[in-house]
2 protein chains.
Amino acid sequence: MAEQSRGSVTLMDVAARAGVSLATASRALNGSTRRVGDDLRERVLAAARSLNYAANAQAQAMARGRTNVVGLVVHDIADPYFSSIAAGVMEAAEGHQVLVTLGSTLRRPEREVEYLVALRGQHSRAVILAGSRMDDSPVAEALRREIEIFEGDGGIVVAISQHQLPVDTVVIENRLGARDLATSLVELGYRRFGVLAGPDALLTARDRVHGFRDGLGRAGLDLDPTLVVHGAFTRDGGHQAMRSLLDRVGELDCVFAVNDVMAVGAMVAVREHGLSVPQDLGLAGFDDISTLRDVNPSLTTVRLPLEKVGATAFDLVQTAAERTKPRTRRIKGEVVLRQSTRPAVAS
Amino acid sequence: MAEQSRGSVTLMDVAARAGVSLATASRALNGSTRRVGDDLRERVLAAARSLNYAANAQAQAMARGRTNVVGLVVHDIADPYFSSIAAGVMEAAEGHQVLVTLGSTLRRPEREVEYLVALRGQHSRAVILAGSRMDDSPVAEALRREIEIFEGDGGIVVAISQHQLPVDTVVIENRLGARDLATSLVELGYRRFGVLAGPDALLTARDRVHGFRDGLGRAGLDLDPTLVVHGAFTRDGGHQAMRSLLDRVGELDCVFAVNDVMAVGAMVAVREHGLSVPQDLGLAGFDDISTLRDVNPSLTTVRLPLEKVGATAFDLVQTAAERTKPRTRRIKGEVVLRQSTRPAVAS
DNA sequence: GTCTATCGTGGAAGCGCATTCCTACGAGGA
DNA sequence: TCCTCGTAGGAATGCGCTTCCACGATAGAC
């Protein structure tokens with residue numbers, strides 16, 4: 001029997017209908033340290049139900065002085081890398097009575113700061129910054145400053161990617177993964193590598209290049225700097241970067257794109273050029289984006305458990321109370337060799 | 001010169017530092033009908049800046065009686081279909097002073113209702129339900145009821161997909177798109193079709209099958225019901241469904257998967273069976289998911305402007321005040337013929 | 001049988017802000 | 001010079017809720 005009154009139903013309405021005080025109604029609905037008699041509790045719950053009562057979350061937040069909103073800030077939600085992480089966060093949050101709000105910076109780093117301010121206004125319990133750090137000191141400085149304020153207000157900040165900020169961080173082992181990949185590729189017999197390196201300012205991209213060079217170095221190989229071309233971290237970026245490498249394709253036997261999306265773009269560029277992967281050129285990516293697992297030839301890459309990354313970040317949020325100093329959780333990637341790097345090694 | 005005090009900075013702190021009253025500080029910061037002298041305004045703004053003041057959003061919401069939170073509820077944020085829509089919504093929301101909160105139902109329809117309740121508690125200005133309606137009367141009934149309550153509280157509800165609810169809706173022309181696709185495939189010379197149909201309860205899937213059958217019918221062709229197999233709306237669902245069709249592959253010359261993700265799974269199944277697309281079998285999908293545009297052979301599909309869908313939904317939210325009855329915005333798909341349906345027609 | 005913990009309940013304060021109402025002040029007309 | 005009107009600033013109220021405190025009743029201890 002829903003009784004719709006003008007405006008929304010308040011706790012007072014519920015209390016009145018149940019014939020109890022505001023305090024009792026509140027205690028019955030949200031359970032507190034105080035106990036409420038069974039009969040009254042029942043009456044209150046029944047009243048709430050019949051009135052379709054939904055507690056006003058802002059009023060609760062104000063009265064309690066805290067909320068259970070967790071902000072998640074990503075660079076681009078349409079990018080499967082981030083949407084996988086987001087899915088991991090949301091799944092982990094499931095059943096924990098928290099509301100996840102999602103912000104997308106559209107790849108503009110200064111928006112990260114804006115979101116942080118907005119989330120502070122919301123009195124967010126925590127914010128998860130899920131994107132590569134940038135090599136951009138003014139913005140980084142502003143971010144650092146705003147984080148300090150946010151934490152000063154009692155908020156929790158968790159970062160995903162590099163440990164560049166003095167906060168709990170889920171570190172993705174980009175260097176290690178790229179190094180292992182390089183090692184594996186050398187084992188397969190490749191010797192002359194090109195790299196599609198992504199934006200230079202993006203630390204994730206840079207780490208992967210460094211790690212890759214490292215791995216080659218351990219095998220006694222050099223990476224020719226002129227064969228490292230930068231480009232956007234997207235499919236088109238990979239496509240363009242690969243094209244600019246095509247006239248030197250004779251000097252290469254394998255190309256490493258610093259993420260899968262770029263690798264797919266590169267694969268198209270190679271094909272358009274009349275060459276074949278892996279017959280004419282090996283190709284490897286990074287991330288193991290699940291929607292790209294079925295490209296043909298299937299892509300050699302470094303598998304990153306992205307949903308686990310998100311879940312780990314959420315776990316850091318949940319356990320932040322006990323921390324005394326910034327914690328680090330390392331997530332490793334695992335090389336997955338598939339068809340794009342040698343017919344014989346088809347997975 | 002940030003002065004960090006215990007707890008967060010309130011408007012009262014700002015007013016005190018500027019040497020004005022609370023009321024004046026509020027008016028200076030948010031501009032109201034009333035004017036504030038220039039000197040005082042300057043003082044207030046300077047004080048706010050130096051204290052790193054961020055207005056408490058819940059307090060504002062409570063005092064004003066409304067918020068600028070817009071809830072977006074999707075079935076699965078890791079699915080590129082939904083993440084594209086989400087990106088469209090968020091981009092459209094950019095600069096409109098609204099906070100988008102994202103909920104993922106993990107494909108459990110009853111969670112849509114739960115989110116609606118939570119968002120009502122948040123006093124959300126609006127909620128966008130971005131997922132196919134289900135053919136599930138108890139849940140649908142509960143949803144309908146909760147929508148009524150939500151709207152009774154002054155909230156705006158916008159749906160994306162089918163116009164099954166009495167709310168503003170962005171209708172995706174699934175039937176029309178599938179019909180056009182069928183027509184195009186018949187023009188290409190295909191005659192004997194199989195369909196990987198997705199879950200039967202999902203109206204989006206069902207509409208696409210119906211539309212496809214419709215298109216065939218117009219060409220005088222029948223769709224053998226035993227060649228329509230259901231399965232999950234995912235890559236693996238497509239893979240399995242295709243496998244179950246493989247023993248009858250001799251009776252087929254083309255398969256329509258009701259979305260791209262399933263089509264990709266199907267393509268793998270076909271390949272694993274030792275057959276080739278399109279030489280042995282044509283294959284078409286639906287959605288034109290951008291990350292899947294580079295599969296090889298490239299996929300014939302129906303392009304859906306998903307970001308535009310999201311943007312349109314947001315526009316409906318923004319213009320909801322003027323509506324007198326549920327509005328409908330129709331978004332059409334466009335057939336894109338690529339390599340998966342005939343070597344000669346490579347795009 | 002009285003006295004003191006204990007527990008369930010109600011009253012009321014206060015969270016931070018927008019906003020209404022009120023006051024004081026200055027300017028302009030008579 | 002006096003009165004009136006317009007305007008800028010301040011005090012106070014209330015949004016819906018949690019929680020501290022007070023109070024009465026009940027139960028256990030002596």
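In what follows, every heavy atom counts, from backbone to side chain, and hydrogens, waters and symmetry copies are set aside. So that the names make sense, note that chain A is the first sequence line, chain B the second, and so on, each numbered from 1.
No side-chain N or O of A:Gln58 forms a donor-acceptor pair with one of B:Thr67 less than 3.5 Å apart. B:Gln318 and B:His96 form a side-chain donor-acceptor contact under 3.5 Å, judged by distance and modelled atom types alone.
Using a 4.0 Å cut-off, some side-chain N or O of B:Tyr53 falls inside it from OP1 or OP2 of C:dC17. Look at A:Asn30 and you'll find a side-chain N or O under 4.0 angstrom from OP1 or OP2 of D:dT18. Distances shown here put every side-chain N or O of B:Gln60 at or beyond 4.0 Å from the OP1 or OP2 atom of C:dC17.
Across C:dC17, C:dA18, D:dG16, the shortest atom-to-atom separation from the side chain of B:Ser26 is found for C:dA18.
Test B:Val170, B:Val158, B:Asp168 against B:Arg327 for side chain to side chain contact (heavy atoms under 4.5 Å, CB included) and you get one pass: B:Asp168.
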List, with names and distances, any nitrogen or oxygen atoms from the protein found under 3.5 Å away from nitrogen or oxygen atoms belonging to nucleotides 6-10 of chain D.
unit_1	atom_1	unit_2	atom_2	d
D:dA8	N7	B:Arg34	NH2	3.2
D:dG9	OP2	B:Gly37	N	3.0
D:dG9	N7	B:Arg34	NH2	2.4
D:dG9	O6	B:Arg34	NH1	2.8
D:dG9	O6	B:Arg34	NH2	2.5
D:dG10	OP2	B:Ser21	N	2.9
D:dG10	OP2	B:Ser21	OG	3.1
D:dG10	OP2	B:Thr24	OG1	2.9
D:dG10	N7	B:Arg27	NH2	3.0
D:dG10	O6	B:Arg27	NH2	3.1

Does B:Thr204 form a side-chain hydrogen bond (donor to acceptor under 3.5 Å, both in side chains) with B:Ser132? I'd like the steps, not just the answer. CA-CA 6 Å; B:Thr204 292; B:Ser132 174; 3.0 Å; yes
Step by step, work out the side-chain hydrogen bond (donor to acceptor under 3.5 Å, both in side chains) result for B:Thr169 and B:Arg329. CA-CA 6 Å; B:Thr169 304; B:Arg329 293 261 197 288; over 6 Å; no
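Within 4.0 Å of A:Ala61, counting heavy atoms only, lies no atom of the nucleic acid at all.
Taking the charged nitrogens against the carboxylate oxygens, A:Arg120 and A:Glu151 have no contact shorter than 4.0 Å, which rules out a salt bridge. Between B:Glu94 and A:Arg111 there is a salt bridge, since a side-chain N of the basic residue sits under 4.0 Å from a carboxylate O of the acidic one. A salt bridge links A:Asp79 to A:Arg107: one of the charged nitrogens lies within less than 4.0 Å of a carboxylate oxygen.
Across the protein-nucleic acid pair, B:Gln58 atom CD and D:dC17 atom C1' stand 12 Å apart, rounded to whole Å.
Annotation: the terminal axes of the helix from C:dG1-D:dC30 to C:dA30-D:dT1 meet at 50°, where each axis is the rotation carrying the C1' atoms of four end pairs onto the next four (5 pairs per end, rounded to 10°).
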